[in-house]
Amino acid sequence: MKYDFVLKNCRLIDGTGSPWKKADVGVKDGKIAFVGKAGDEISSDEIKDCEGLYLAPGFIDIHSHSDTTILDNPTADSRILQGVTTELGGDCGISAAPVSHISERRKLVKDYVGDLDYTWNTVGEFLDTVEKAHPSVNFATAVGHGTIRIEAMGFDDREPTEDEMEEMKNILRKALEDGAFCLSSGLIYPPGVFSKTDEMAELCTVLKEYGAFYETHMRNEGNKVVEAVAEAIDVAKRAGIPLQICHHKVLQEQNWGKCRITTEMIEKAREEGIDVQCDQYPYRASATSLDSNAPNWTFDGGVEALLKRLKDPETRQRINAEAEESHRGRWDKIFVSSTASREYAWTVGKNIAEIAEIRGVSCADACFDIIVDSEDRAGEINYGMCEEDIEYIMKKPYVMTGSDGQSLSLDFDGIPHPRNYGTFPRVISHYARDRKLFTVEEAVKKMTAMPASRLGLKDRGLIKEGFRADLVLFDLEELEDTPTFEKPKAACRGIKQVYVNGVLTAKDGVHTGARAGEVLRRNINA
C-alpha cells in the first residue's frame with residue numbers, strides 16, 4: 001500500500017494510558033492505516049522523520065461553547081493550535097439549537113445564547129449549517145436544558161405544567177434523534193436555576209431511552225457545592241443514566257478543600273454502580289458572563305426583564321444591596337474580559353473594585369452599569385479557586401480534561417480566558433511533565449480515549465489502525481501553554497503538527513487554513 005504520508009520514529013502515545021513506544025504511523029484516505037515498525041521499504045511520497053517527538057491522538061474537548069462561535073470562526077484557531085481536533089459544544093444548558101418558530105421565544109433564546117443568525121430551528125438544521133461552514137475541527141453538540149426550557153415555557157421562574165414537561169421531553173427526543181450527544185444543564189444560570197430536582201430527574205428519563213448521558217454545570221460550586229453534587233448524583237440515580245459533572249471545582253476561599261468531600265461522594269456513587277465522571281480545566285480562575293453577579297430573581301422573564309429591572313432606580317437599589325452582600329470581599333477578583341459597550345470598553349482587563357474606584361461609584365453599580373450599557377453582552381474572569389484543589393481533582397482517574405472554551409481567532413476582541421487557547425498543553429506540560437501528578441501518557445488518556453469513550457466515538461481517541469487520523473505531534477521538552485491571563489491569544493509552543501482527518505491543519509504554531517473537520521452526529525442505533 002502506498003500511504004498518503006508516514007510519520008516515522010515517533011514516540012507513540014496511543015491514548016490508552018500505556019507507556020509510549022517507538023513506532024511508525026501510516027495514513028491513507030484520512031484514516032490510520034498502519035501502526036508499527038515499517039522498515040525502509042515503506043511507500044509514500046511524504047515521509048517525516050519524527051525522532052524525539054511524541055505522537056498522540058488529536059485532543060477531544062468534551063466541554064466547549066463553540067456552538068456559539070464556530071460559524072464566525074470556522075478555522076477554530078484557538079482549538080487547532082493547542083492540538084484539539086474534536087469538540088463538543090452546547091454545554092452548561094446553553095445550546096444554539098433548538099430555536100422556536102414563535103418570535104417571542106426566539107428572541108428569548110437569542111438573548112440567552114448569543115446574537116446568532118438563527119437560520120435554523122432544530123438541532124439537525126443547526127448541524128447542517130455548521131457542516132456547510134466546513135470547520136477545521138470535528139464538531140459535535142449537546143442540547144441545553146435552558147434552551148429546551150425556553151422553547152417549552154419561556155423564561156419564567158416557575159415549575160413546568162404537565163403539558164410543558166411533555167413538550168420538553170419531546171424536544172429532547174427530537175434533539176437526540178437529530179444527533180445531539182447528551183443533555184447539558186446550567187443550574188447556576190437562569191432559566192436553569194428556576195428548575196427543581198424533580199424536573200431534571202423526569203426530563204433525564206428520556207436520556208435512558210436513547211442511551212445518552214447527562215452533563216451538568218451544577219447548581220452551586222461554592223458554599224453549597226456538596227449539596228449540588230448530591231443533587232446531580234440523585235438525578236442520575238433516579239433517571240438511571242450516566243452523569244458528567246462539568247468543570248468540577250470549588251469556588252471561594254472559605255470552601256477550599258471541600259473537593260475531598262465531593263470526590264468521596266462521587267467515588268461512593270461509582271461503587272454503587274452509578275456512572276459518574278467529571279471534566280476540569282487547569283486554571284484557578286473561571287469565566288462566564290458578567291450578568292452572573294445579578295440575583296437570580298432578576299432574570300424572571302428573560303434578559304429584557306433583567307435590563308428593565310436594572311434601569312429602575314428602586315429595583316436597582318434592592319439589586320445592589322443583595323449583590324454587595326453576596327459579593328463582599330470578592331469584587332476585586334472579578335475582571336471584565338469583554339464588553340459590547342463602547343462607553344465602558346476601557347474596563348476590559350480591570351477588576352470591578354478598580355473600576356468602581358476610578359468611577360467613584362459602588363462596586364455593584366460599576367458592574368451593573370456595564371451590563372446595562374452593553375445590553376448584557378459582557379464577560380468576566382473570576383479568580384476563585386486554589387491550586388491544591390485543582391491538583392487534587394485532576395489526579396482522580398475519572399476526571400478528564402475539558403476547556404470550557406470556544407473556537408476563537410488569534411485576534412478575538414477583548415481579553416478572553418487563556419483556557420480557550422492553552423488548556424490541553426498546560427495539563428501535559430505543567431501538571432504531568434513538571435508537577436508529575438501523573439504520567440504524560442495518563443494526561444493524554446484524559447484528553448483522548450476517556451472523552452471518546454464518554455461520547456461513544458468508536459473511531460477517534462486512539463492511535464489504532466482503522467481509526468480516523470486525528471493526530472498531534474509535539475515536542476515534550478518544548479511544550480508550553482504560552483497563553484496567559486494577560487496575553488491569552490497565542491499559539492502554544494511545542495505543538496509541531498496537527499492533523500484532522502488526515503489533513504495537516506497546523507504546523508509549528510501556524511494554521512495551514514485547512515478545514516477538514518467533520519460534523520459528528522450521535523448514532524442512536526449504535
Side-chain angles (χ1 to χ4, degrees), residues 65 92 111 114 186 188-190 193 217 220-223 247 249-256 281 283-299 303 306-386 404-405 412-420 484-489:
H65 293 275
C92 297
D111 288 343
I188 205 166
Y189 302 120
V193 73
H217 179 150
N220 192 284
E221 294 174 317
N223 294 337
H247 43 58
K249 57 183 173 289
V250 177
L251 295 171
Q252 301 172 28
E253 188 171 357
Q254 69 269 23
N255 299 306
W256 292 350
Y281 53 81
Y283 298 91
R284 63 186 183 90
S286 58
T288 187
S289 55
L290 197 62
D291 66 13
S292 63
N293 298 290
N296 291 331
W297 61 266
T298 61
F299 290 86
V303 171
L306 164 71
L307 296 175
K308 183 177 180 180
R309 291 182 178 106
L310 288 174
K311 292 174 183 177
D312 177 70
E314 187 175 341
T315 309
R316 176 68 167 266
Q317 190 174 6
R318 177 188 168 189
I319 294 170
N320 282 6
E322 289 188 23
E324 293 290 0
E325 176 63 26
S326 63
H327 286 64
R328 188 171 296 162
R330 291 172 48 207
W331 290 114
D332 63 339
K333 298 175 178 63
I334 301 171
F335 289 72
V336 177
S337 61
S338 64
T339 178
S341 166
R342 291 186 178 182
E343 180 177 350
Y344 294 110
W346 62 270
T347 64
V348 173
K350 294 180 172 59
N351 68 59
I352 297 299
E354 183 181 6
I355 296 165
E357 184 176 0
I358 291 171
R359 292 191 55 217
V361 298
S362 70
C363 289
D365 274 330
C367 176
F368 298 137
D369 286 348
I370 296 170
I371 292 171
V372 169
D373 201 68
S374 68
E375 295 186 334
D376 199 27
R377 289 287 179 261
E380 71 169 40
I381 290 176
N382 189 335
Y383 290 84
M385 293 168 274
C386 69
D404 199 10
F412 179 77
D413 193 25
I415 307 177
H417 197 297
R419 69 189 185 191
N420 291 284
T484 64
F485 282 100
E486 293 76 24
K487 295 182 178 180
K489 296 173 284 189

Tell me every residue that passes salt bridge (Lys or Arg N to Asp or Glu O under 4.0 Å) with Asp404, counting only those two or more places apart in sequence or in another chain. Arg419
Approximate separation, where rounding is to 0.5 Å, of Ile352 CD1 and Ile370 CD1: 5.0 Å
Backbone N/O of Gly379 and side chain of Ser337: donor-acceptor pair under 3.5 Å: yes
In sequence, state the C-alpha distance, the side-chain angles, and the governing distance for Leu307 and Ile371, and then conclude on side chain to side chain contact (heavy atoms under 4.5 Å, CB included). CA-CA 8 Å; Leu307 296 175; Ile371 292 171; 4.2 Å; yes
For Gln254 versus Asn223, what's the shortest heavy-atom pair and its separation? NE2-OD1, 3.1 Å
Is atom CZ of Arg359 surrounded by more than 12 heavy atoms (other residues, nucleotides or ligands) closer than 6.0 Å? yes
Identify the heavy atoms of Phe335 and Lys333 that sit nearest to each other, and give their distance. CD1-O, 3.7 Å
Donor-acceptor under 3.5 Å (Trp256 side chain, Gly384 main chain): yes
Could you report the tightest heavy-atom contact between Met385 and Tyr283, atom names first, then the distance? CE-O, 3.4 Å
Measure from the side-chain N and O atoms of Asp312 to the backbone N and O of Arg309, and report whether any donor-acceptor pair falls under 3.5 Å. no
Evaluate side chain to side chain contact (heavy atoms under 4.5 Å, CB included) for Asp365 paired with Arg316, printing each intermediate quantity in order. CA-CA 9 Å; Asp365 274 330; Arg316 176 68 167 266; 3.0 Å; yes
State, to 0.1 Å, how close Ser362 and Asn320 come at their nearest heavy-atom pair, and which atoms those are. OG-ND2, 4.3 Å
For the pair Glu314 and Arg318, find out whether any cationic side-chain nitrogen is under 4.0 Å from an anionic carboxylate oxygen. no
Checking Asp373 side chain against Asp369 main chain: does a donor-acceptor pair fall under 3.5 Å? no
Using modelled atom types only, decide if a donor and an acceptor are shared between the side chain of Glu324 and the backbone of Ala364 within a distance under 3.5 Å. yes
Backbone of Phe412 reached by a side-chain donor or acceptor of Lys489 within 3.5 Å: yes
So, taking the atom named NZ in Lys487 and the one named CD1 in Ile415, what distance separates them when rounded to the nearest 0.5 Å? 11.0 Å
Minimum heavy-atom separation for His417 and Pro488, please, with both atom names. C-CB, 4.3 Å
Output the distance between atom NZ (Lys308) and atom CG (Leu310), rounded to the nearest 0.5 Å. 12.5 Å
Rounded to the nearest 0.5 Å, how far does CD of Glu221 lie from CG of Asn255? 11.0 Å
Considering only heavy atoms from C-beta outward, does the side chain of Ile319 approach that of Pro295 to under 4.5 Å? yes
Ser286 to Lys249 - nearest heavy-atom pair and separation: CB-CE, 4.1 Å
Pair Ser338, Asp413 - check side chain to side chain contact (heavy atoms under 4.5 Å, CB included), show working. CA-CA 7 Å; Ser338 64; Asp413 193 25; over 6 Å; no
For Thr298, what residues pass the side chain to side chain donor-acceptor pair (under 3.5 Å) criterion, not counting sequence neighbours? none
Do Tyr189 and Thr288 meet the criterion of a side-chain donor-acceptor pair at a distance under 3.5 Å? yes
Per side-chain hydrogen bond (donor to acceptor under 3.5 Å, both in side chains), Glu380 is matched among Asn351, Thr339, Asn293 by Asn293
To the nearest 0.5 Å, tell me how far Glu357 CD sits from Cys363 SG. 9.5 Å
Measure up the Tyr383 and Phe485 rings against each other and bin them: parallel (under 30°), tilted (30 to 60°), perpendicular (over 60°). tilted
Can you say whether the rings of Trp346 and Tyr344 are parallel (under 30°), tilted (30 to 60°) or perpendicular (over 60°)? tilted
I need the Ile381 CD1 to Ile334 CD1 distance, nearest 0.5 Å. 12.0 Å
